[in-house]
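All ligand and atom numbering here is 1-based and tracks the order in the structure.
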Amino acid sequence: MTHFSISEDLLQAENAARKMALDEDYAALARALGRRGIDGDALTRRVMAFGVAIPTWGVGTGGTRFARFPGPGEPRHLFDKLEDCATIHHLVRATPTISPHFPWDATSDYVALREVAAKHGLAFDAVNSNTFQDQPNQEHSYKFGSLSHVEPAARAQAIAHNIDCIAIGRQLGSKALTVWIADGSNFAGQSNMTLALDRYLDSMREIYAALPADWRIFLEHKLYEPAFYSSVISDWGTSFAAAQELGPKAQCLVDLGHHAPNVNIEQIVARLVRFGKLGGFHFNDSKYGDDDLDTGSVEPFRLFLVFNELIDARMRGAEGFAPTYMLDQSHNVTDPIESLMQSAIELQRAHAQALIVDRSALAATQAANDALGAHLELKRAYTTDVSPILAMARLRAGGAIAPIETYRAAGYRKHKAKERPPVARTSAGIV
Ligand code: RM4
Ligand code: MN
Ligand code: MN
């Protein structure tokens, strides 16, 4: 069976219909930026160089613990997921890598998988381990934890799984392992919080020892859920301290939804940068907790402020600064491909807006204690509509001026619904 993909002809036709308007808008924006001393084409090139990894689990319809409402033509397996990731990258040209999750993405031949991905123009970013669920025929349950489990045998099993993930990642060309554990407790007194962290650190030391020389390990913290009284790696402070103890290859991963309410995430980012411990991001947006909503859909200003810290760090040449960018979202009511395309665009937008902050004017206002003046420097960048730059970046990179409209016009999902008859899935909820 041939697999439908969006044709170059359709892409060209869709772009042609929008090209004149884009040229006009782009020229007007470039002139306006020029008056501020900003080179529009150089900005477009910076936007083109930005990439974010798609999580393989993000292309399937998500759910909550109450229900999941599968959409038509969902990917049934990893190779379907690759097709969807390739479609996203084809149109937005900002998602050249994918971040796999094991054992969800387990397959028998990873060298072959890497080749198939490469044919789609995709490479692999960080691999994610999973010790938050039990797998069929698994010897030791993770019901009461994994890397921090009180039983040495359960810990050993979780350690071995992470080391397996490294071995898989090596075959895929990954350079990092992301470890998020669900370990924690639901009752005061259930767990000795000090000893649980000790056990986690001992386990992580063994995983760390198995890292290839050019690999990093990312510690992903999360305040609560599924553990509702205490989590072992609950916050960025714990994550930082643990990364510090483990060594230079260990860094912290910031998932935007994993913090205490009202914390200043951009300041956390700045702190981690300062200590050379910012490993990367799981981008999403959130109103209440780990909502996994689409990036930039709730708090776009906060996203901009995060990028403002990143650009500041890059321009200062902050030591050890090489964060990786990944999305981590759950798409419950949208077509995941559309959500992921729009999310990648929102990241590019925040990036571009942060790039046009007048850094010397900002520094001058800060030095003069001009609080409002400094704020207005940020607002001037944030309120600039950089959409024409983003669209031009996509066009110049071979993508779509209007990715979602083009995707809809192609009828991709309708075609996939025919190609991918539904398979029985019993699991409610989760991502
Ligand atoms: C967690 C966390 C991890 C992700 C899982 C699926 O909440 O964000 O990054 O791997 O969900
Ligand atoms: Mn995450
Ligand atoms: Mn999460």
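- F307 and F283 have their aromatic ring centers within a separation under 6.0 angstrom.
- Of the polar atoms of E220, at least one N or O is found under 3.5 Å from an N or O of ligand 1, judged by distance alone.
- Look at H282 and the Mn ion (ligand 2): an N/O/S atom of the residue is under 2.8 Å from the metal.
- Checked against a 6.0 Å centroid threshold, the rings of F304 and Y382 count as neighbours.
- Atom numbering of ligand 1 starts at 1 in the shown order; those under 4.0 Å from a heavy atom of D290 are 7 (O).
- E220 contributes OE2 and D255 contributes OD2; the angle these two atoms make at the Mn ion (ligand 2) is 90°, rounded to 10°.
- More than 12 heavy atoms of other residues, nucleotides or ligands lie within 6.0 Å of CZ in R205, so this atom counts as buried by the packing criterion.
- Residue K222 has at least one heavy-atom neighbour below 4.0 Å for each of these atoms of ligand 1: 7 (O).
- Taking the six-membered ring wherever Trp is involved, the centroid distance between the rings of H120 and H89 does not fall below 6.0 Å.
- No more than 12 heavy atoms of other residues, nucleotides or ligands sit less than 6.0 Å from atom CZ of R274.
- Note: no N/O pair closer than 3.5 Å links W57 and ligand 1 by distance alone.
- Checking D290 against the Mn ion (ligand 3), an N/O/S atom falls under the 2.8 Å cut-off.
- Restricting D328 to its N, O or S atoms, the one at the least distance from the Mn ion (ligand 2) is OD2.
- The distance from ligand 1 to the heavy atoms of H258 drops below 4.0 Å at these ligand atoms: 2 (C), 7 (O), 8 (O).
- Contacts between T178 and ligand 1, counted as non-hydrogen atom pairs separated by less than 4.0 Å, are absent for every part of the residue.
- Taking the centre of each ring, Y224 and Y229 stay at or above the 6.0 Å mark.
- Ion pairing between E151 and R199 fails under the 4.0 Å rule for side-chain N and carboxylate O.
- Contacts between N130 and ligand 1 below 4.0 angstrom, taking non-hydrogen atoms only, are absent altogether.
- Ring pair H101/F132: centre-to-centre distance below 6.0 Å.
- Contacts between E225 and ligand 1 below 4.0 angstrom, taking non-hydrogen atoms only, are absent altogether.
- Residues R314 and E309 are not paired through a salt bridge, judged by the lack of any N-O separation under 4.0 Å between the basic side chain and the carboxylate.
- By the criterion of a heavy-atom distance under 4.0 Å, the side chain of D255, and not its backbone, is placed next to ligand 1.
- Taking any N or O of W180, backbone or side chain, none lies under 3.5 Å from an N or O belonging to ligand 1.
- Within ligand 1, the atoms closer than 4.0 Å to a non-hydrogen atom of H282 are 9 (O), numbered from 1 in the order shown.
- Annotation: cation-pi pair K379/F301 present, NZ/CZ under 6.0 Å from the ring centroid and within 45° of its normal.
- Backbone and side-chain nitrogen or oxygen atoms of N128 are examined, and none is located within less than 3.5 angstrom of a nitrogen or oxygen of ligand 1.
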